[in-house]
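The analysis underlying the following values was restricted to heavy atoms, covering all of them including side chains, and did not include hydrogens, waters or symmetry mates. The structure displayed is predicted, hence computed values, not measured ones. Labels below follow one simple rule: chain letters A, B, ... track the order of the sequence lines, proteins then strands, and each chain is numbered from 1.
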Amino acid sequence: MVSLLGSCLRTTRVFLDPSFSCALYFVHCGHSFHALSSVFVSSLVETFETPHFAKRKLDCQEQCLNSTRQSDIGILVEKVRVGNSHDEILQSLAHDQTCNSIHLSHDLVNRLLFHFKDDWKSALGVFRWAELRGYKHKSEAYDTLVDILGKMKQMDQMEALLEEMKKGQLVTLKTVGKAMRRFSGAGQWENAVRVFDKLGTFGLEKNTESMNLLLDTLCKERKVEQAREIFLELKSHISPNANTFNIFIHGWCKVCRVDEAYWTIQEMRGHGFLPCVISYSTIIQFYCCRCDFCKVYELLDEMEAALGSTPNVVTYTSVMSALAKSEKYEEALEIAQRMRLVGCKPDALFYNSLIHSLGRAGRPQEAVHVFEEEMPSTGIPPNTSTYNSMIAMLCHQAQELKALNLLNEMETSMICKPDVQTYYPLLKSCFRTGKIDSLLRQLLDDMVKKHHLSLDKSAYTLLIHGLCRANKCDWAYCLFEEMIGKDIMPRYRTCCLLLEEVKLKHLYDAAKKIEIVMQKL
DNA sequence: ATAGGGTTAG
């Protein structure tokens with residue numbers, strides 16, 4: 001077994017997953033990529049039989065159980081008619097024999113709430129229905145619902161739920177954080193402060209941590225001046241820490257008042273805290289947005305010289321991406337080099353950005369080298385974004401076959417799965433190469449059936465435009481109807497294009513329907 | 001949520 005593994009390790013790359021510290025069976029072989037055969041997987045499983053691996057196996061079993069619940073979710077989702085009030089939804093579920101025989105678990109509730117994360121009435125209806133069946137919600141589920149209600153600007157409902165949670169002593173700092181953030185996001189920063197004032201009634205303490213939470217929610221919503229006033233009131237009872245000041249630095253940068261950000265650094269020093277890598281990185285980020293790279297380099301040098309605030313992978317990644325965005329590719333790659341020189345360890349986000357920069361710089365072979373050699377040798381596993389960058393780049397280079405190989409690798413990967421963005425460049429390539437009936441159909445089918453991805457506005461736009469150009473406007477019109485059914489409004493240009501094509505084909509009913517949609521835009 | 005990325009449409 002050991003020799004088998006050894007020989008595999010020589011010819012393949014095995015990535016280490018830090019969270020489980022066990023081998024993930026993920027293999028590169030030269031230019032072609034394959035997932036390991038099940039035989040090989042089971043041999044690895046035997047080799048790595050450790051407590052961590054046992055946990056991984058349990059997770060797999062859990063996943064099998066979850067797949068049966070998938071059908072339960074399907075039944076419930078089917079029964080919930082979108083657009084009804086939460087009470088109507090509750091009633092219709094409560095009177096349904098099939099629904100009432102479904103076993104309720106935390107996992108099922110979480111998944112349902114996730115499914116209805118943009119539909120507060122359904123979320124609330126399902127939540128109440130579970131209660132009616134005698135199910136006791138966890139604090140976590142309450143938190144999710146607080147978030148959903150807040151996101152959909154149902155502030156009264158959110159407040160009521162908070163009161164309910166208070167009675168059951170279920171309010172945590174996390175709950176309060178979500179509520180404050182949603183109030184700030186809804187333009188009601190006074191209510192965010194009110195929640196903070198009531199902290200005691202929830203059995204929580206007003207301390208540095210909760211104060212920082214309040215200040216951060218205000219700063220993120222550009223209410224840094226209000227945050228400042230509140231801080232001045234509070235600081236006699238609650239002592240600030242370094243985070244408090246970093247929050248303000250970020251707040252000032254967000255409203256483009258970098259002078260105040262520098263001033264905050266002085267204030268920080270006055271309180272006995274040294275500006276750290278986060279303080280500097282935040283200001284560097286500000287200059288990146290302004291494309292003021294002179295200042296960026298100046299600050300980078302300053303940091304490298306200073307103690308306690310040397311740039312880290314986050315700092316370098318921000319700078320490199322900003323340079324690439326400004327089409328300064330050579331400089332972007334020099335940052336990567338500089339990072340290597342100072343011995344700063346890369347991570348996945350850095351590699352994603354690097355691969356993207358290399359692709360844009362017209363150096364795809366180097367991007368491939370990073371992906372195939374450098375990443376495996378540093379033990380950093382690729383994620384969905386890494387694959388997406390690679391696939392986009394390969395499609396751009398007209399190397400669709402290699403791109404499809406990578407897609408296949410993702411599909412069989414244990415680490416990450418394709419998302420809608422994975423498919424954009426591949427779909428686009430189908431139009432370029434004319435492989436519409438052969439490949440496009442297959443890809444769309446896989447997206448929906450294999451990966452349960454639903455097409456979004458961008459995907460529909462790309463497809464309708466491509467199909468019109470390929471003289472397949474009947475298919476384009478089907479997609480048009482599908483997106484209307486999902487309440488996704490097409491762009492005006494898409495309508496114009498489709499209308500023109502449909503008229504040429506004498507499809508007058510379709511033309512009429514498109515015109516009706518256009519009137520609403 | 002104390003900091004970081006990309007992306008379609010001729």
Would you classify A/Ser318 as touching base, sugar-phosphate or nothing, given that sugar-phosphate means primed atoms plus P, OP1 and OP2, and contacts are heavy atoms under 4.0 Å? sugar-phosphate
Can a side-chain donor-acceptor contact be found between A/Thr144 and A/Asp147 if the only test is distance below 3.5 angstrom? no
Write down the distance between CG (A/Leu300) and P (B/dA3), rounded to a whole number of angstrom. 19 Å
Take the angle between the ring planes of A/Phe245 and A/His271 and call it parallel below 30°, perpendicular above 60°, tilted in between. tilted
Does B/dG4 have OP1 or OP2 sitting under 4.0 Å from an N or O in the side chain of A/Lys325? no
Is it the case that the base of B/dA9 and the side chain of A/Arg493 share a donor-acceptor contact (distance under 3.5 Å, atom types as modelled)? no
Could you tell me the separation between the CG atom of A/Leu214 and the P atom of B/dA1, rounded to a whole number of Å? 16 Å
Measure up the A/Tyr423 and A/His451 rings against each other and bin them: parallel (under 30°), tilted (30 to 60°), perpendicular (over 60°). tilted
Does the side chain of A/Arg360 get closer than 4.0 angstrom to OP1 or OP2 of B/dT7 through an N or O atom? yes
Under 4.0 Å between a side-chain N or O of A/Lys428 and OP1 or OP2 of B/dA9? yes
So, is A/His465 close to the B/dG10 phosphate, meaning a side-chain N or O under 4.0 Å from OP1 or OP2? yes
Within 45° cone and under 6.0 Å: A/Lys457 NZ/CZ vs A/Tyr460 ring: no
Without decimals, in angstroms, what is the distance between A/Asn246 CG and B/dG4 P? 12 Å
Below 4.0 angstrom from OP1 or OP2 of B/dG4, is there any side-chain N or O of A/Gln285? yes
Among the nucleotides B/dT2, B/dT8, B/dG5, which one has an atom lying closest to any side-chain atom of A/Leu349? B/dG5
Applying a 4.0 Å non-hydrogen cut-off, can you work out what A/Asn212 is touching in the nucleic acid: base, sugar-phosphate, or nothing? nothing
When all nucleic acid strands are considered with a 4.0 Å heavy-atom cut-off, which category describes A/Asp216: base, sugar-phosphate, or nothing? sugar-phosphate
When rounded to whole Å, the CG to P distance for the pair A/Leu213 and B/dT2 reads 7 Å
So for A/Ser321 and B/dG4, does any side-chain atom that can act as donor or acceptor lie under 3.5 Å from a complementary atom in the base? no
Calculate the interatomic distance between A/Gln421 atom CD and B/dT8 atom P; express it in whole Å. 8 Å
Check if the side chain of A/Asn312 and the base of B/dA3 share a donor-acceptor pair of N or O atoms closer than 3.5 Å. yes
Mutual orientation of the aromatic rings belonging to A/Tyr297 and A/Phe293 [parallel < 30°, tilted 30-60°, perpendicular > 60°]: tilted
Base of B/dG4 paired with side chain of A/Thr317 (donor-acceptor, under 3.5 Å): yes
Please state how far atom CE in A/Met339 lies from atom C1' in B/dG4, giving the value in whole angstrom units. 12 Å
Take atom CZ of A/Phe431 and atom P of B/dT8, then tell me their distance rounded to the nearest Å. 14 Å
Whether A/Asp216 and A/Arg181 form a salt bridge (side-chain N of Lys/Arg under 4.0 Å from carboxylate O of Asp/Glu) is what I want to check. yes
Regarding the side chain of A/Lys220, the nearest nucleotide among B/dT8, B/dG4, B/dA3 is B/dA3
Base, sugar-phosphate alone, or nothing: which one does A/Phe350 contact when heavy atoms must sit under 4.0 Å apart? base
Under 30°, 30 to 60°, or over 60°: which ring-plane class applies to A/Tyr287 and A/Tyr262, parallel, tilted or perpendicular? tilted
Between A/His356 and B/dT7, does any side-chain N or O lie under 4.0 Å from OP1 or OP2? yes
Could you check which of B/dT8, B/dA3, B/dT7 has an atom nearest any side-chain atom of A/Ile278? B/dA3
Rounded to the nearest Å, what distance is computed from the NZ atom of residue A/Lys254 to the P atom of nucleotide B/dT2? 13 Å
Counting side-chain heavy atoms from CB outward, which of B/dA9, B/dT2, B/dG5 is closest to A/Leu462? B/dA9
What's the closest nucleotide to the side chain of A/Arg491 if the choices are B/dG5, B/dA3, B/dT8? B/dT8
